[in-house]
Every structure is written in structure tokens, then in C-alpha cells.
Asker: 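What follows is a structure written as C-alpha cells; I'll ask about it next.
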Amino acid sequence: MACQSVAVVMDEQALLGLNPNADARYRQRAIAYFEQLKESQDAWEVCAEALAKGIYSDDHVKFFCFQVLEHQIKFRHCSLSAVQQQLIRETLMKWLQFQLMNTQPEKAFIRNKAAQVFALTFVMEYMTLWPKFFFDILSLVGLNPHGVDIYLRTLMAIDAEVVDRDILHTPEETRRNTLIKDSMREQSIPSLVESWFQILQTYQQSHPELTCQCLEVVGAYVSWIDLNLIANDRFVNLLLSQMSMEELREEACDCLFEIVNKGMDPVDKTKLVESLCQVLQSAGFFNVEQEEDVDFLAKFSRLVNGMGQSLVLSWTKLAKTGNVKDAAETLQAVEAKVPLLVQLLVHEDDDISANIVGFCYEYLHVLKQLPQLTDQQKANIEAIMLAVMKKLTYDDEYNFENEGEDEAMFVEYRKQLKMLLDRLAQVSPELLLEAVRRVFTNTMQNWQTAPFMEVEVAIRLLYMLGEALPAAHGAHFSGDTAKTSALQDMMRTLVSCGVSSYQHTSVALEFFETVVRYDKFFIVEPQHIPGVLMAFLDQRGLRHNSPKVRSRVAYLFSRFIKTLHKHMNAFVEDILTRIQDLLELTPPENGFPALLTSDDQLFMFEAAGILIVNSESPVERKQALMRSLLTPLMDAFRLLLTKLPQETEEERQTALADCLSHAVGFASRTSKAFSNKQTVKQCGCTEVYRDCLQAFLPALSCPVQRSVLRSSVRSFLHRMIICMEEEVLPFVPAASEHMLKDCEAKDLQEFIPLISQITAKFKRQVSPFLQQIFMPLVLAIFEVLARPAEENDQTAALEKQMLRRSYFSFIQTIAGSGMNEVMANQGAENMERIVFTIIQGAVDFPDPIAQKTCFIILTKLVELWGGKDGMVGFPDFIYKHIVPACFLAPLKPTFDLSDAQTVLVLSECALTLKMIHLKRGLEFIQFLQQEYLPSLQVAPEISQELCQVLQQPDVKVLKNYIKAFFQRGKL
């Protein structure tokens with residue numbers, strides 16, 4: 001390269017744009033210059049010279065030069081000349097030499113980028129051009145702190161490129177990385193390890209940050225190098241001494257964790273862990289209670305967890321291979337760690353506790369596999385149990401009203417503790433049941449004076465037993481007498497000791513959650529139902545001062561009623577009276593905050609419906625109760641519906657529409673108590689739901705807030721089709737007419753399932769109606785699909801795709817319900833247009849879900865109209881359009897035969913061809929052989945082969961052949 005002044009060669013104006021504060025014009029120029037330097041054969045060399053000579057002091061320019069170099073090494077290394085490759089090596093070493101002489105180190109972001117470039121060069125050249133890479137760097141750097149820093153950063157960058165399992169590599173890169181590691185083990189690792197030891201020893205006092213960096217390097221490399229190089233007296237003693245140095249102890253802990261985690265022979269692993277433990281214990285690290293540094297203890301807890309899990313893994317391997325002696329020794333080693341485990345598990349800092357959960361869980365898994373537990377093991381179980389119970393307890397700082405990140409972390413931590421509790425139940429259900437019973441009984445005796453967290457956790461433990469000691473369908477109160485009597489005693493205490501009056505949201509919530517989890521208890525002891533009902537209905541539950549409690553209790557109340565409705569007969573009317581104000585539709589202009597949200601009210605209406613329907617009252621009374629429940633909704637609906645079109649403010653309109661939607665939703669929810677038309681009739685409720693329909697349907701013609709209103713009325717119709725069956729039919733034509741007016745893609749997409757539900761349920765009964773609505777619906781769909789949309793409007797494109805799918809599903813429902821007359825009676829022109837859309841759907845739109853439906857429809861149409869006595873002119877249509885569709889669709893470039901959904905389309909396509917052969921016989925085979933396949937330039941022998949397969953009875957053979965046929969056709 002010509003030795004001319006770099007300042008002249010580099011575009012100074014472009015370099016100005018590298019500053020983050022530069023204006024857009026300069027920034028654009030800098031980007032363009034970067035691209036130019038990247039792609040040029042040799043212009044990048046100016047960047048190499050700038051770095052080698054330290055010409056620029058601007059950090060952004062230095063970083064820029066390294067980026068240009070990085071691009072050359074990463075993407076153009078093979079095309080560089082030997083001289084250029086040498087230039088890169090020299091540049092890096094000269095730059096490194098500069099670092100040794102500088103009084104101030106470069107900024108961290110430049111050092112990291114330099115390390116990346118060193119690492120990339122290493123990966124490209126270590127095996128060929130630069131085998132002395134480490135020797136050269138170490139010889140130059142010696143023990144210079146600036147140089148050591150770059151060296152360590154480079155080692156971490158090499159780890160990221162060659163070892164890091166979280167980074168995805170191609171098979172080629174993986175092979176290359178394996179060769180690099182093998183070569184490093186042979187040639188470089190011993191000298192690297194020696195350098196690490198020297199760095200750790202030299203800098204532990206003067207440069208703790210370098211020592212920490214070095215510890216991180218050791219931790220990263222130990223997983224794949226010879227462990228004996230690290231796990232020896234001199235290295236481990238050094239690490240242990242650093243465990244006592246405040247600035248190094250956390251990194252030293254992490255480094256020991258990586259050493260312990262290394263895969264190795266189980267007996268050797270046990271020896272390694274045990275020798276490490278002995279030294280740690282004699283150095284006083286096991287005296288957890290004397291340690292005040294929680295950050296260090298969290299790392300130490302992780303280390304103990306790693307040691308414990310390693311020992312459990314060794315025990316598992318030894319036990320599997322039948323090595324009884326070594327397995328027993330390893331189990332003894334595991335047991336010896338349990339006191340430390342418990343100390344860490346019960347520590348007041350949750351991070352320290354959470355870090356040991358893995359070892360605890362696996363230790364319990366070991367105990368579960370043992371044929372018999374010793375007294376010591378039972379004592380260990382009890383100690384872990386008490387620790388878990390203690391740690392489940394909320395602390396004073398938990399903010400129940402405004403739960404933030406700390407609260408979310410505690411909830412996650414509680415889930416880990418729950419796993420331990422479940423595992424404890426598997427190891428020793430009797431011990432767990434007894435421990436919970438003891439804690440629960442003691443707490444409930446003094447609940448008035450106990451702090452909320454103790455009361456909450458006592459009830460929580462009872463609640464958790466429900467999952468820890470599973471029972472089929474919640475039958476906790478039958479079967480095993482010891483368990484049922486203990487649970488029954490605790491439930492009896494819970495509902496009769498008065499704890500439901502405890503004034504704290506967490507206790508109130510836990511009380512109701514537990515009552516509902518064990519709702520079967522009240523079948524065994526129904527005398528407690530009135531007391532618990534009162535708790536649900538008064539200020540302890542639905543009228544609690546916390547909205548969070550009221551909301552959850554509304555849901556739990558509906559579940560309680562659902563399970564125990566047979567025991568509610570005596571209380572039905574009393575309950576309905578007490579919850580009457582909670583069943584009121586809250587109009588938007590009310591101004592007062594309602595006790596329950598509209599979502600919560602849904603559960604209340606469902607509970608009210610269940611109570612009325614399942615009561616033992618005479619039919620007239622049920623009818624009257626249901627009418628008194630629904631009439632206020634209808635009255636309010638009519639009133640609000642007259643107000644809505646007069647309202648001009650958008651916000652008020654939305655509020656009114658939401659309120660109308662809630663009224664419909666509430667009415668719909670009351671019908672959940674019915675399973676079919678029969679149950680509605682038996683309760684005498686047909687008429688009141690008919691009245692609801694009459695009240696709600698006018699909303700469909702409301703000129704404003706269409707989407708919300710249509711959606712809610714449509715959902716109500718879906719429900720009524722189940723509950724009232726043919727009684728609904730008189731309302732459907734007018735409702736459909738309104739819903740097809742001025743509709744959007746989403747409206748139609750949601751309307752089609754309603755028509756499909758009616759079609760599938762009533763079949764021929766609704767044939768006249770379907771014939772009448774069929775074309776208006778289809779034309780509305782066509783009109784929406786034809787509307788122009790912005791080219792890159794993803795939402796509109798997705799809505800159209802979903803509508804197209806819904807349309808094809810609708811046609812499939814009609815064809816599949818045996819109502820071909822619905823389509824046949826639409827006139828030849830309309831009929832042809834519809835069938836063409838199905839051909840188009842099968843071939844033109846790359847949407848496998850829609851294509852599959854289209855081929856199913858074509859198969860059905862061929863079955864209906866393709867035979868000798870089928871529709872006039874349809875055989876012609878088969879040959880002109882359906883047969884070509886079966887070949888053109890799979891030959892499209894967008895038809896991806898490696899995609900599972902697309903393969904299903906191909907299967908349906910094969911079934912269409914099979915059906916054509918079934919209906920047209922030899923005529924179809926002759927058409928394929930003599931006319932159609934020759935037009936596609938299919939070789940005669942392949943054509944004959946396909947026709948032979950088509951005539952075989954086994955469809956599976958055809959499906960496999962067709963796939964191979966099109967795979968060949970696409971080559």
C-alpha cells in the first residue's frame with residue numbers, strides 16, 4: 001500500500017457524521033462511506049493504517065475503523081491477498097502495542113470491539129496462518145495491565161465465537177470450532193492456564209477488576225479444558241483465598257461453580273465436591289448466619305446448589321450402574337449438606353433461598369426413590385417443610401394494593417416453594433399433612449391476635465394441600481380416612497372459627513379460595529353452607545372494601561353455587577334479594593363507582609341463573625324469578641337504545657354502546673344454566689328469552705356503534721340457538737338482513753359462523769331461508785373482498801384472508817349438510833360465479849387452510865353433481881376447471897411441499913381426483929392420458945403410471961404417489 005498521509009485519503013467530511021450528535025446529512029454521508037470502504041478491494045487499508053499509527057483520537061473514528069476491519073475479516077477474508085491478511089495481523093499487534101504505552105486505557109466499547117476483531121482473526125487464522133496467536137499476544141502483553149485487559153476480553157470474545165452454546169452455529173462452523181478447541185487443548189491451553197494463574201496472583205490486590213475478568217475467563221473455559229489444570233491445590237487454594245476478598249469473592253464463587261458443574265466421572269465428581277466442601281467449611285463459609293453480605297451469599301447459595309445437584313447426579317448414575325458402595329458414600333455426602341441447605345433455604349433474603357431450591361427439590365427426589373426413610377431423613381424432611389412454610393409467608397413490605405416488580409418476584413418465588421411442597425407430599429404425605437395441621441390449628445386458635453401473614457400462610461397451606469395431595473375430581477372427603485378426617489377437621493375449623501372476618505385482603509382472598517377449592521366438603525357437612533353463604537354475601541366477600549377481593553369473590557361465588565346448587569334450595573330467594581343491587585346495569589351517567597365491574601357481574605348473573613333453574617320451586621315461580629332478573633335489563637336496554645342515536649359525543653356514544661353490550665351479555669350469561677331447549681321449556685323460560693330477543697334485535701339497525709352492538713347481539717343469538725332451538729328461527733331472517741347492511745370484513749367474518757351454526761343444526765328446516773339469504777351474503781362478501789386496500793396494510797390483508805376462509809367454510813357447511821339445492825337454486829350464472837371462487841381459492845391464494853377447504857368443497861360438488869344423473873353441464877366444468885385446479889395448485893411456486901399444512905392440501909387434492917374417477921370412470925382416465933397430461937408435457941410413461949395409481953382402491957397409495965409426482969414436477 002502506498003504510504004500517503006491517511007488524513008488525505010480518508011473522507012474527513014464523512015467522518016464528522018460518526019458523531020451521534022451530527023446532523024442527518026453528515027450521518028448519511030458516513031453510512032455511505034462505511035459501505036464504500038467495506039466493499040472496496042483495498043480502500044479499507046486506510047482504516048488499518050489509522051489504527052496501527054494511532055492517527056485519530058476521536059473514539060467514534062477508532063470504533064469505525066475497527067468496524068471496517070471486522071467486515072473484511074468476517075465476510076471477505078478468503079478473497080484478501082496474503083499481504084492484506086498480514087497487514088491485518090500487523091495492524092492488530094501494533095494497536096495492541098500502543099495500548100501498553102498509553103497512560104489511559106481506551107473506552108470500554110472500543111476495547112470490546114477490538115477484542116471481537118482479534119477473536120474473528122483468531123477463528124479465521126489460528127489453524128493455518130497464525131498458530132502462534134496466543135504466544136504472540138502473551139509475549140507482547142506480559143503483565144502490563146492495559147494489555148492483560150485486552151487479552152482477557154479477547155479470550156471471552158473467542159469463547160463467544162467458538163464455545164458459547166447459546167449462539168446458533170451452522171454445521172460447518174460447529175466442525176471448525178471443534179477442530180479449534182482440539183488444537184487449543186494440544187498447543188495452547190497449558191500456557192493460557194499458566195497466564196491466568198499469574199494474572200490472578202499478581203493483580204488480586206492492585207487490580208481487582210482484572211482479577212474478576214480473569215476469574216470469568218477461567219469459569220468460561222473450564223467446561224471444555226482438562227479439569228486437572230484448574231482443579232489442583234495451587235489453583236483451588238488461590239480461588240479459596242479470593243473467596244475471602246470482598247471485591248473478588250463473588251466472581252471467585254462463580255468460578256468455583258463452573259468448576260463443580262463440569263461433566264465428569266461420578267466418583268471423581270464426588271471427590272472433587274467433597275474436597276472443596278471440606279476446605280470451604282474449615283474456612284468458615286458454612287456459618288451462613290454470620291455473613292452479612294447478601295450479594296455474596298446469593299452467589300454462595302448458587303455454588304452450594306451446584307455442588308448439591310452434582311452430588312445428586314453422581315448418586316443417580318452410581319445407583320443406576322449398581323455401584324452400591326460409591327452410591328452410599330455419595331448419598332452420605334448429599335445428606336451432610338442438608339443442614340447448610342436448610343440454613344440457606346430459610347434465609348430471610350429470597351434470592352439466597354431461591355438459589356438453593358434446585359438442590360432441595362432433587363434431594364427430595366432422591367428420598368422418594370429410597371425404599372425406607374431413616375429417622376435422620378425424616379428429620380431432614382421436617383426441617384425442609386418448616387423452612388418452606390416459613391418462606392411462604394408474606395413480609396411486611398409486600399404492597400397488596402399496588403403490586404410492582406418486587407411483588408411479582410415474590411409470587412414467582414412462591415411458585416418454586418409450591419413445587420417443593422408438592423415434592424414433599426410425594427415423599428411423605430403423612431408428615432406434610434401432620435405439619436400443616438399443626439401450623440393451621442395453632443394459628444386458627446389465635447387468629448384474632450396473629451399478624452395477617454401468619455393467618456394467610458396457615459390458610460394458604462391448607463389450600464395447597466389440595467394440589468399436593470391430589471384427589472380425583474376434587475374428592476378430598478372420601479377414601480383415605482386419615483387424610484379425609486384431617487382435611488375435614490381443618491375445613492370445619494376454617495369455616496367456624498370466624499377467621500373470615502379478618503381485616504386483610506390477603507386473608508379474605510385465601511379464605512374464599514380455600515372454601516371453593518374444597519367445596520365438596522359442604523356436601524359432607526351441609527350445615528356450614530348458610531354461614532359461608534353469608535360470608536360471600538356481606539362485607540367479608542362481595543361487599544368487601546377492596547375491589548380486588550370483590551372481583552375475585554364474584555367469580556368464586558359462581559363456582560360455589562355451581563357445585564352446590566342442589567343444597568341451595570332453602571336460600572335461593574334470600575340470595576337473590578341480597579344480591580339484587582349487584583345485578584343492576586350501571587348506566588354511564590350514574591357517576592358512582594359500582595361495587596363490581598361488568599366482567600364480575602357476568603359471574604353474578606350466571607350464579608343467579610343457576611340458582612333459579614336448579615331450585616325446587618314450581619315452574620311459575622321459576623318463570624317469575626327469571627323474568628324479574630331479565631326485565632330490568634330489557635327495560636334499561638330499550639331506554640339506552642333510544643338515547644344512543646341522539647348522542648353526538650363519541651365518548652358518550654362508546655359508553656352507552658358498552659352498557660347496551662353488557663345488558664345483552666348479562667342476559668346471555670343467565671342462559672348458561674340451561675343445557676338445551678328442553679331445560680328452558682321445563683322452567684317455563686322460553687317466553688322471557690323470546691322477549692329478550694325482541695328487545696335486543698332492534699339494536700342491529702342502530703346507525704352508530706354498529707360493531708359493538710352487532711357483536712353482542714350475534715353472541716346472544718348463538719346462545720339462543722342452543723337454548724331455544726327452532727324457536728329462534730323466526731328472528732333470524734330479519735336479524736341477518738340487518739347484519740348484512742353496511743358491513744365490514746370483520747362483521748361478515750363473525751356473522752358467517754352464526755349462519756353455519758344454524759345450517760348445521762337445522763339443515764333442511766332452514767333451506768328456504770338459506771336460499772333467500774345465500775346470494776345477499778355471498779355478494780356482501782364479494783363486495784368487501786373487492787374493496788381496494790393500501791398495499792402494505794397488513795391488518796386489512798389479514799382481515800380479508802380470514803373472511804375468505806370464513807366464506808369457504810360456509811360453502812363447505814352447506815355442501816356438507818346435504819343442502820345442494822341451496823346453491824343449485826341460485827341460477828346458473830350465480831352458481832358458476834360461486835364455483836369459480838372455489839376454484840380460485842384452491843389455486844390462486846397461497847393460504848393452505850383456505851385451499852384445503854376449497855378442495856373438500858370440490859370433492860363434495862363432484863360427488864353431488866358429477867355423476868351420470870348430476871347437474872347438466874357439470875361434467876364439462878369438471879374437465880375444464882376442476883381437473884386443472886388439481887394440477888395447477890400444487891405446481892405453483894408458493895405451494896411448499898415441505899410445509900405440513902400444504903401437504904394436507906395435497907391430500908385433499910388427491911381425494912378430489914379420486915372422486916372424479918369414481919364418478920366419471922374410464923372417461924376421466926382417457927381425458928388425462930389423451931388430452932390434459934400431454935398439454936402439461938408429462939411423459940407418456942409417467943402419465944400411464946399416474947392413471948394406474950388413480951384406479952387403485954387404496955387412497956393412501958394415491959396420496960403418496962401424488963406427493964412424489966409434484967416433487968418431480970417442481971424440479
Side-chain angles (χ1 to χ4, degrees), residues 350 389-415 417-418 421 436 439-440 442-467 490-491 493-519 528 531-561 578-579 581-582 586 592-604 607:
D350 292 342
M389 289 176 186
K390 186 176 178 212
K391 290 302 293 177
L392 277 166
T393 311
Y394 286 113
D395 61 26
D396 290 329
E397 285 149 30
Y398 193 98
N399 187 339
F400 289 90
E401 295 314 311
N402 186 18
E403 291 174 314
E405 196 180 334
D406 288 347
E407 286 74 18
M409 282 166 69
F410 180 72
V411 169
E412 280 307 305
Y413 168 60
R414 251 189 166 192
K415 286 178 188 170
L417 294 175
K418 183 195 170 299
L421 203 80
V436 170
V439 171
F440 179 82
N442 291 344
T443 311
M444 288 306 115
Q445 279 168 356
N446 314 300
W447 69 262
Q448 291 94 334
T449 53
F452 84 86
M453 57 279 278
E454 285 180 21
V455 181
E456 190 275 345
V457 87
I459 305 174
R460 177 86 176 175
L461 286 165
L462 169 56
Y463 174 84
M464 288 168 101
L465 282 178
E467 276 181 16
M490 285 190 273
M491 277 304 292
T493 304
L494 178 72
V495 298
S496 59
C497 73
V499 75
S500 58
S501 303
Y502 198 102
Q503 285 301 299
H504 194 280
T505 54
S506 68
V507 176
L509 283 168
E510 211 54 65
F511 172 81
F512 289 109
E513 294 281 1
T514 308
V515 159
V516 173
R517 164 155 282 181
Y518 297 112
D519 48 17
H528 298 292
V532 170
L533 273 176
M534 281 314 297
F536 268 112
L537 297 169
D538 63 22
Q539 77 290 342
R540 291 169 286 174
L542 289 163
R543 297 172 194 286
H544 197 280
N545 55 17
S546 159
K548 187 177 170 185
V549 173
R550 293 197 299 270
S551 176
R552 186 66 183 161
V553 169
Y555 162 72
L556 293 170
F557 178 66
S558 77
R559 277 194 43 196
F560 189 73
I561 296 294
R578 287 173 188 272
I579 63 171
D581 62 321
L582 301 175
T586 314
F592 293 107
L595 276 175
L596 297 178
T597 67
S598 53
D599 284 347
D600 302 333
Q601 281 182 288
L602 286 169
F603 294 115
M604 298 308 295

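Note: hydrogens, waters and symmetry copies are ignored here, and every other heavy atom, side chains too, is used.
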Asker: Which atom pair, heavy atoms only, marks the closest approach of Gly531 to Arg540?
Answerer: O-NH2, 4.3 Å

Asker: Are side-chain heavy atoms of Lys548 and Leu509 found at a separation under 4.5 Å?
Answerer: yes

Asker: If you look at every heavy atom in Val549 and Gly541, which pair is closest and at what distance?
Answerer: CG1-O, 4.2 Å

Asker: Could you measure the distance from the OG1 atom of Thr393 to the CG atom of Leu461? Nearest 0.5 Å is fine.
Answerer: 8.0 Å

Asker: If I take atom CG from residue Leu392 and atom NZ from residue Lys418, how far apart are they, to the nearest 0.5 angstrom?
Answerer: 10.5 Å

Asker: Are the side chains of Gln445 and Thr493 in contact, using a 4.5 Å heavy-atom criterion?
Answerer: no

Asker: Within the structure provided, determine whether Val553 and Phe511 are in side-chain contact (heavy-atom separation under 4.5 Å).
Answerer: no

Asker: Once you round to the nearest 0.5 Å, how far does CZ of Arg460 lie from OG1 of Thr514?
Answerer: 8.5 Å

Asker: Could you check whether atom CE of Met409 has more than 12 heavy atoms from other residues, nucleotides or ligands sitting under 6.0 Å from it?
Answerer: no

Asker: Once you round to the nearest 0.5 Å, how far does OG1 of Thr505 lie from CG of Asn545?
Answerer: 9.0 Å

Asker: Run the side chain to side chain contact (heavy atoms under 4.5 Å, CB included) test on Glu467 and Arg517 for me, step by step, so that the C-alpha distance in whole Å, both residues' side-chain angles and the decisive distance to 0.1 Å come before the verdict.
Answerer: CA-CA 10 Å; Glu467 276 181 16; Arg517 164 155 282 181; 2.8 Å; yes

Asker: CG of Leu602 to CE of Met604: how many Å apart, nearest 0.5 Å?
Answerer: 11.5 Å

Asker: Taking the side chain as every heavy atom from C-beta outward, state whether Val455 and Glu510 have any pair of such atoms under 4.5 Å apart.
Answerer: no

Asker: Between Leu582 and Arg543, does the side chain to side chain contact (heavy atoms under 4.5 Å, CB included) criterion hold? Intermediate values first, please.
Answerer: CA-CA 10 Å; Leu582 301 175; Arg543 297 172 194 286; 3.8 Å; yes

Asker: Considering non-hydrogen atoms only, spot the tightest contact between Ile561 and Ala607 and give its length.
Answerer: CG2-O, 3.9 Å

Asker: Which heavy atom in Phe452 sits nearest to a heavy atom in Asp395, and how many Å separate them?
Answerer: CZ-O, 4.4 Å

Asker: What's the verdict on side chain to side chain contact (heavy atoms under 4.5 Å, CB included) for Val507 and Glu456, showing C-alpha distance, side-chain angles and the deciding distance?
Answerer: CA-CA 5 Å; Val507 176; Glu456 190 275 345; 4.1 Å; yes

Asker: Do Phe560 and Val532 have side chains that approach each other closer than 4.5 Å (heavy atoms only, starting at C-beta)?
Answerer: yes

Asker: Check this for me: Asn399, atom CG, are more than 12 non-hydrogen atoms of other residues, nucleotides or ligands nearer than 6.0 Å?
Answerer: yes

Asker: Quick one: pull up CG in Leu596 and OH in Tyr555 and give me the separation to the nearest 0.5 Å.
Answerer: 16.0 Å

Asker: May I ask you to decide if the ring planes of Tyr502 and Trp447 are parallel, tilted or perpendicular, using 30° and 60° as cut-offs?
Answerer: tilted

Asker: Taking the side chain as every heavy atom from C-beta outward, state whether Val439 and Glu454 have any atom pair closer than 4.5 Å.
Answerer: no

Asker: Counting C-beta onward and ignoring hydrogens, is there a side-chain heavy-atom pair between His544 and Asp538 closer than 4.5 Å?
Answerer: no

Asker: Is atom NZ of Lys390 surrounded by more than 12 heavy atoms (other residues, nucleotides or ligands) closer than 6.0 Å?
Answerer: no

Asker: Any donor and acceptor pair, going by atom type alone, linking the side chain of Gln503 with main-chain N or O of Ser501 inside 3.5 Å?
Answerer: yes

Asker: Within the structure provided, determine whether Glu397 and Asp406 are in side-chain contact (heavy-atom separation under 4.5 Å).
Answerer: no

Asker: Between Phe440 and Met490, what is the shortest heavy-atom contact and its length?
Answerer: CE2-O, 3.3 Å

Asker: Determine whether Leu494 and Tyr463 satisfy the following criterion, side chain to side chain contact (heavy atoms under 4.5 Å, CB included), listing intermediate values before the conclusion.
Answerer: CA-CA 11 Å; Leu494 178 72; Tyr463 174 84; over 6 Å; no

Asker: Is Arg414 close enough and on-axis enough to Tyr394, meaning under 6.0 Å and within 45°, for cation-pi?
Answerer: yes

Asker: So, Ser506 versus His504: side-chain donor-acceptor pair below 3.5 Å or not?
Answerer: yes

Asker: If you take all heavy atoms of Ser551 and Asp600, which pair is closest and at what distance?
Answerer: OG-OD1, 2.9 Å

Asker: Would you confirm whether Arg550, through its side chain, and Leu595, through its main-chain N or O, come within 3.5 Å as a donor-acceptor pair?
Answerer: yes

